[in-house]
Amino acid sequence: MCGIVGYIGDKKAYPILIKGLSRLEYRGYDSAGVALIQDGKILNVYKRQGKVQDLVDFANDFSTEGTVGIGHTRWATHGEPNDVNAHPHFSGDENIVLVHNGIIENYEIIKKELTKRGHEFKTETDTEVLVHLIEEIKENSQVSIEEAVRMALKEVHGAYAIVLISKDSPDKIIAARKSSPLVIGLGEDEYYVASDATPIVEYTKNVVYLEDEQIAIVDRKNGLRIISIGNTEVSPYVQELEMQLEELEKGGYDHFMLKEIYEQPRAIHDSFRGRLNAAESWIALGGIRDYENQIANADRIVIIACGTSWHAGLVGEYLIEDLARIPVEVEYASEFRYRNPIIRPNDVVIAISQSGETADTLAALKMAKEEGATLLGIVNVVGSSISRVTDAGSYTHAGPEIGVASTKAFTTQVTILAMMAMLLAKKRGTINQTRFQNLLNEMEAIPEKIEYLLTSNDYIKGIADNYKDAANALFLGRGSCFPIALEGALKLKEISYIHAEGYPAAEMKHGPIALIDENMPVFVIATQGPNYEKVVSNIQEVKARKGKIIAIVTKGDTIVKDIADHYIEIPETDELLVPILATVPFQLISYHIAVMRGCNVDQPRNLAKSVTVE
Ligand code: F6R
């Protein structure tokens, strides 16, 4: 959370910073700010509560000159989101300015110490404490700015990605990271620093991902130098970005979320391209090839994730247990890491994460590593922290997901999990050739079936119109579609602010049924399969209490269609792949309801895309 950006080179820094902040706005949008060094001596800082556009409107009246600068878009942790707490933050003498993503956990102790030494603080943030600490060390020890940063970072606990500039060293940017991401872009005599590659990709494809506890010193004349916090030189490892600029634009859609929903056929195809071939009857996940035997013989698989990615993990549990017969446990990363779990060396731990930066998931992985477990990742963002901490893994290849509500990341995560389940089943001999072949055929057909489903968008929008004023909603599903009920409820609540809950359909009668009356929409997955008749009974129970039923049914269904208030048909597929198809109508319903309610679909209140704080 929080997006940070920096530039040093020959160009005017301000437009680059603003464009970069707009790209990073998905990481937080409580306030935004920039700092620019003008003529090597004047430090101009502009910051504003609200969106990047509010900052631009404000800065219009002032000088935005300068070829070195830093910027920040905030998701508030310490201190309310207002102009004062917005980044960048000044040192006491106003020579240094710093932007920060993360949390300095021991900031109160440091603040007390610094206050005793005469420092005065103007904000409630942990970040201001850090920049004062750097100033204090620089003055007391008479060291360079980079050495002061290094010494200060040795004293702080917590997570940080920081970028700073100083009036005394106007041709340098200093950046450092621990548990929060930072990428450095290398152009022709110019350098970019950012929380991810999205602000960089249109200028250069050559990047260096900073590792934990590394400090980058970017000097206009001498280029990039990296040292560790322990003060050893590190040679920068330059990688080439695969990202395309068009992937970061809305491409004619009203919102990124809608674009990303529509991208699912392509994204899912990319996630299995080269990994599965129905005509030749094979499946291969190159990234985990060396670990296949270990996974197939694991005592159990533990899946750790948060939010939507956790829902994908739950689908994975159904798929892997059903097909490969390996015990699977799915854990919230935030609970796992604090509850002293039993982890054995023969366990395989799979982390699922779109961003690859979720702080809880990363911490849980590190804990599992210490216990000797094998770590795998199912990650979307290439080069992200989780992809680097794990022993092996499979990228989802969904492409950048900018809308805060996860859509294509989820369906591609489930695609990878389905392939993993099939691969392991084949290896363990727990699947016969007919079922295996059928699953391969069905998987290859999923993108086309989603294309077909998307042609119902206007029809689904019409259904959404009936429920846009609901105060509550229930989502029901059974078996591998129970997690889709959870995901449907999460989508609706996070972007439209309607309270929604997901339940296994049969659990309804153990409590939630008390909520049902004529005002309660109940979204039910009632596709053909072994539980079909049971779900029909659950629907009857809702109807008997005057609840409104919106059912997702298999194309050609006749029974549920007659009972439901509204129905959405999805194409027939293997029962284990229904979760992928059933997700799409829920995404569209949530999207349309949120738009009709006037909500900010791509940037829902209080949320951020990449949750790099605990
Ligand atoms: C919901 C959503 C979040 C994320 C969660 C984990 O739409 O996007 O619940 O799924 O914050 O994020 P990642 O997958 O990046 O670890």
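Every value quoted in this text rests on a predicted model; they were computed, and no experiment measured them. All ligand and atom numbering here is 1-based and tracks the order in the structure.
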- Query: Can Ile18 and Val52 be said to form a side-chain contact (heavy atoms from CB on, under 4.5 Å), step by step?
  - Reply: CA-CA 7 Å; Ile18 292 298; Val52 175; 4.1 Å; yes

Name each N or O atom in ligand 1 that is under 3.5 Å from a protein N or O, and give the partner atom and the distance.
unit_1	atom_1	unit_2	atom_2	d
ligand 1	7 (O)	Thr308	OG1	3.3
ligand 1	7 (O)	Ser406	N	2.9
ligand 1	7 (O)	Lys491	NZ	2.9
ligand 1	7 (O)	Glu494	OE1	3.2
ligand 1	7 (O)	Glu494	OE2	2.5
ligand 1	8 (O)	Val404	O	3.4
ligand 1	9 (O)	Thr308	N	3.2
ligand 1	10 (O)	Thr308	N	3.1
ligand 1	12 (O)	Thr358	OG1	3.4
ligand 1	14 (O)	Ser309	OG	2.6
ligand 1	14 (O)	Gln354	N	2.7
ligand 1	15 (O)	Ser353	OG	3.4
ligand 1	15 (O)	Gln354	N	3.4
ligand 1	15 (O)	Ser355	N	2.8
ligand 1	15 (O)	Ser355	OG	2.6
ligand 1	15 (O)	Thr358	OG1	3.4
ligand 1	16 (O)	Ser353	OG	2.6
ligand 1	16 (O)	Thr358	OG1	2.4

- Message: Ignoring hydrogens, what is the shortest heavy-atom contact between Ala76 and Gly79? Give both atom names and the distance.
- Response: CB-O, 3.6 Å

- Item | salt bridge (charged side-chain N to carboxylate O under 4.0 Å, His left out) involving Asp30 - partner list, sequence neighbours excluded | none

- Kindly indicate whether the side chain of Asp212, heavy atoms from C-beta on, has any atom under 4.5 Å from the side chain of Arg177. yes

- In short, ring pair (Phe, Tyr, Trp, His ring centres under 6.0 Å) pairs touching residues 578-609 with sequence neighbours left out are His255-Tyr591, Phe475-Phe586

- Sorted by chain and residue number, the salt bridge (charged side-chain N to carboxylate O under 4.0 Å, His left out) partners of Glu211 (sequence neighbours excluded) come out as Arg388

